Asks: 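One structure is given below, represented as structure tokens, and several questions about it will come after.
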Amino acid sequence: MIDADIGIGVVGLGGMGHLHARSVEEFGADVVAGADLVEAQREGFAAEFGATTYETHEGLVVDEDVDAVIVTTPNRFHEPITIDALEAGNHVLVEKPLAHTVESAERIADAALEAEGICMVGFHNRHAASMAMFDEQRDRFGELTHVEANYVRRRGVPGPGSWFTDPDLAGGGSLLDIGVHAIDLALYAMDFPEVVEVSGVARSTFGMDDDYADPDGFGDAWDGSAETYEVDDSVSAFIRCENGRTISLEAAWATNREPSMDFRVRGTDAGAQFDIGSTDMEILEAGTAGCDHYADVNLTGDASLTGHQEQDVRFLETIAAGVEPETNTIEEALTVQRVIDAIYRSSETGRAQRIETVDLAEREGAAADLEATQQTD
């Protein structure tokens with residue numbers, strides 16, 4: 001339980017908004033406000049949490065009872081809500097991805113530099129039991145050399161006509177929706193090395209297909225001819241980092257292969273493999289004691305605390321301690337966003353793309369220099 005009075009406002013009262021609200025309430029925060037354009041969502045949220053509700057975020061961020069804002073809206077709206085909340089003096093947890101474009105993400109990062117409150121980004125899989133065990137075993141793996149990151153559905157397009165398949169609202173398709181988790185986790189496993197070059201191909205194969213098979217009903221009332229579909233449904237990418245470290249990525253809403261959330265880390269002394277977001281991890285080693293042999297160790301983690309819950313706890317603890325975040329930082333999220341942007345640019349041009357290293361301290365210094373120059377003029 002958090003030993004502090006923290007009033008939480010949630011913007012976007014769908015399933016993810018309710019998940020966060022229940023989580024922070026369980027750990028001692030007070031859910032005091034919610035905002036959503038849909039009246040039924042507001043009524044349901046108010047009934048469950050006894051919270052004041054607003055049609056738009058503007059009233060919520062200046063509510064005197066709100067200390068922190070959780071943003072769970074479509075990607076396009078992350079920027080205005082997050083910036084308004086920060087400028088109103090609130091702390092912010094914004095769901096992944098940071099924004100729908102890299103330019104929007106950079107504007108959020110600049111606002112966070114100037115804000116009194118903290119800003120964290122919702123990459124919850126790095127807090128799952130499998131990754132927690134990996135963190136505690138890091139010394140065992142030696143130098144990490146390569147990560148194979150898969151987040152692949154066999155059939156799992158959210159559905160034409162939803163905001164997920166609208167490039168203006170989402171900014172992209174499978175890469176921004178689920179591939180973003182795999183990219184973040186891979187970079188986190190490697191302790192966010194400098195990314196040197198990115199190449200990739202984004203495909204849109206199934207979205208306009210009237211004969212698209214959806215055995216699990218994931219897309220809900222599929223009608224490919226009646227809706228627009230202008231985003232990727234699968235992506236393959238290769239990310240080259242400093243000192244020869246690499247990441248291979250497969251992300252898909254739909255593709256003709258078995259689904260997989262398989263995550264494999266290769267190190268010079270040992271390797272690890274687990275499913276993204278899982279509670280189990282396998283360590284793979286080899287040795288010479290007695291005779292040459294393989295040594296595979298299976299670890300089973302505590303499933304009582306999920307990645308979402310642990311992330312929300314970290315958010316509340318950071319607010320209560322009055323310190324800068326040590327995880328889920330804006331700097332990390334901006335690096336992920338730039339990798340995503342580079343994959344899309346590589347797909348469009350057919351060429352590998354280099355990206356700039358994210359250094360928020362340099363951005364802050366440049367902004368200060370610009371402000372000083374403007375005042376002198």
Side-chain angles (χ1 to χ4, degrees), residues 23 27 96 122-154 178-195 236-252 255 257-314 317 325-329 332 335-336 339:
S23 176
F27 294 107
K96 64 79 195 170
F123 290 110
H124 66 274
N125 286 305
R126 60 168 73 177
H127 301 294
S130 53
M131 201 65 204
M133 291 186 292
F134 177 87
D135 279 336
E136 290 300 317
Q137 301 281 337
R138 280 182 179 272
D139 292 343
R140 191 168 182 168
F141 301 109
E143 180 184 351
L144 302 183
T145 58
H146 183 69
V147 175
E148 303 168 43
N150 298 281
Y151 201 140
V152 176
R153 299 172 184 163
R154 186 172 180 179
I178 57 178
V180 63
H181 283 299
I183 293 170
D184 174 73
L185 202 63
L187 290 170
Y188 176 76
M190 287 188 167
D191 198 22
F192 273 83
E194 179 180 348
V195 178
S236 301
F238 191 79
I239 302 163
R240 184 163 64 88
C241 304
E242 62 183 348
N243 299 325
R245 288 176 284 180
T246 53
I247 298 167
S248 58
L249 169 73
E250 289 290 338
T255 188
R257 58 156 284 183
E258 287 295 312
S260 172
M261 295 178 70
D262 189 44
F263 194 85
R264 297 171 183 262
V265 183
R266 286 155 42 183
T268 53
D269 295 335
Q273 60 188 37
F274 50 87
D275 281 353
I276 294 174
S278 69
T279 58
D280 301 331
M281 180 181 73
E282 184 178 12
I283 297 176
L284 297 94
E285 297 173 300
T288 59
C291 64
D292 291 356
H293 62 272
Y294 295 116
D296 300 339
V297 180
N298 291 296
L299 305 179
T300 300
D302 181 3
S304 64
L305 191 65
T306 68
H308 278 109
Q309 290 175 313
E310 179 62 23
Q311 172 188 266
D312 290 346
V313 168
R314 297 286 186 92
E317 288 176 341
E326 295 182 355
T327 186
N328 295 64
T329 67
E332 293 167 344
T335 296
V336 173
V339 170

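Throughout, numbering of the chain's residues begins at 1 and tracks the sequence. The structure displayed is predicted, hence computed values, not measured ones.
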Asks: Over all heavy atoms of both residues, which pair between Cys291 and His293 is shortest? Give the atoms and the distance, please.
Replies: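 Nearest pair, atom of Cys291 first, then His293: O-ND1, 2.8 Å.
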
Asks: Looking at CG of Leu187 and CD1 of Ile239, how far apart are the two atoms once the value is rounded to the nearest 0.5 Å?
Replies: 6.0 Å

Asks: Less than 4.0 Å between a side-chain N and a carboxylate O, is that true for Arg140 and Glu285?
Replies: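 Yes, this pair counts.
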
Asks: For residues Phe123 and Tyr188, establish whether the separation of their ring centroids is below 6.0 Å.
Replies: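 That pair fails the under 6.0 Å test.
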
Asks: Would you say the side-chain atoms of Asp312 and Ser23 include a donor-acceptor pair closer than 3.5 Å?
Replies: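 The answer is yes; a qualifying pair exists.
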
Asks: When rounded to the nearest 0.5 angstrom, what distance separates CD in Gln309 from CZ in Phe27?
Replies: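 Between Gln309 CD and Phe27 CZ, I get 4.5 Å after rounding to 0.5 Å.
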
Asks: Heavy-atom distance under 4.5 Å between the side chains of His127 and Asn328, does that happen here?
Replies: yes

Asks: CD/Glu136 to CE/Met133 distance, rounded to the nearest 0.5 angstrom?
Replies: 11.0 Å

Asks: Under 4.5 Å between any side-chain heavy atoms of Gln137 and Met281, yes or no?
Replies: yes

Asks: What's the separation between atom CZ in Arg264 and atom CG in Asp262, rounded to the nearest 0.5 Å?
Replies: 4.0 Å

Asks: State, to 0.1 Å, how close Cys241 and Ile247 come at their nearest heavy-atom pair, and which atoms those are.
Replies: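 Shortest heavy-atom contact: SG-CD1, 4.4 Å.
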
Asks: Under 4.5 Å between any side-chain heavy atoms of Glu258 and Arg154, yes or no?
Replies: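 Yes, side chains in contact.
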
Asks: Below 4.5 Å, heavy atoms only, C-beta onward: do Thr335 and Phe192 meet side chain to side chain?
Replies: yes

Asks: Please find the pair of heavy atoms, one from Asp296 and one from Leu284, that lie closest to each other, and give the distance.
Replies: OD1-CA, 3.7 Å

Asks: Go through the side-chain N and O atoms of His146 and Ser248 and say whether any donor and acceptor fall under 3.5 Å apart.
Replies: yes

Asks: For Asp139, does the CG atom have more than 12 heavy-atom neighbours from other residues, nucleotides or ligands under 6.0 Å away?
Replies: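 Not more than 12 within 6.0 Å, no.
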
Asks: Is any side-chain N of the basic residue among Arg245 and Glu143 closer than 4.0 Å to the acidic one's carboxylate O?
Replies: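 Judged by the 4.0 Å cut-off on N to carboxylate O distance, Arg245 and Glu143 do not form a salt bridge.
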
Asks: Any side-chain heavy atom of Asn150 within less than 4.5 Å of one from Phe263?
Replies: no

Asks: Could you tell me if the ring centre of His124 sits under 6.0 Å from that of His181?
Replies: yes

Asks: Is any NZ, NE, NH1 or NH2 atom of the basic residue among Glu332 and Arg126 found under 4.0 Å from an Asp or Glu carboxylate oxygen of the other?
Replies: yes

Asks: Is there side-chain contact between Arg153 and Ile178, with at least one heavy-atom pair below 4.5 Å?
Replies: yes

Asks: Any side chain to side chain donor-acceptor pair (under 3.5 Å) involving residues 274-284? Give me the pairs, sequence neighbours left out, ordered by first then second residue.
Replies: Gln273-Glu282

Asks: Tell me, with the steps shown, if Met190 and Val147 meet side-chain contact (heavy atoms from CB on, under 4.5 Å).
Replies: CA-CA 8 Å; Met190 287 188 167; Val147 175; 3.8 Å; yes

Asks: Got a donor-acceptor contact below 3.5 angstrom from the Thr268 side chain to the Gly142 backbone?
Replies: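 Between the backbone of Gly142 and the side chain of Thr268 there is no qualifying donor-acceptor contact (under 3.5 Å).
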
Asks: Do you know the tightest heavy-atom contact between Gly179 and Ala251?
Replies: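 Closest heavy-atom pair between Gly179 and Ala251: CA-CB, 3.6 Å.
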
Asks: Applying salt bridge (charged side-chain N to carboxylate O under 4.0 Å, His left out), can you list everything that pairs with Asp269, at least two apart in sequence or on another chain?
Replies: none

Asks: Taking the side chain as everything from C-beta on, heavy atoms only, tell me whether Asn243 gets closer than 4.5 Å to Glu194.
Replies: no

Asks: Can you tell me how far CG of Asn125 sits from CD of Gln311, rounded to the nearest 0.5 angstrom?
Replies: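 Nearest 0.5 Å value for the CD-CG distance: 9.0 Å.
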
Asks: Do the side chains of Phe134 and Phe141 get nearer than 4.5 Å, heavy atoms only?
Replies: yes

Asks: First locate atom CD of Glu310, then atom CE of Met131, and finally report the distance between them rounded to the nearest 0.5 Å.
Replies: 13.5 Å

Asks: Let's go through Glu326 and Arg314 carefully: what are the C-alpha distance in whole Å and the side-chain angles of both, what is the deciding distance for salt bridge (charged side-chain N to carboxylate O under 4.0 Å, His left out) to 0.1 Å, and is it a yes or a no?
Replies: CA-CA 9 Å; Glu326 295 182 355; Arg314 297 286 186 92; over 6 Å; no

Asks: Donor-acceptor pair, Asp302 side chain versus Ser304 backbone, under 3.5 Å?
Replies: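 Flag set: sc Asp302 to bb Ser304 pair under 3.5 Å.
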
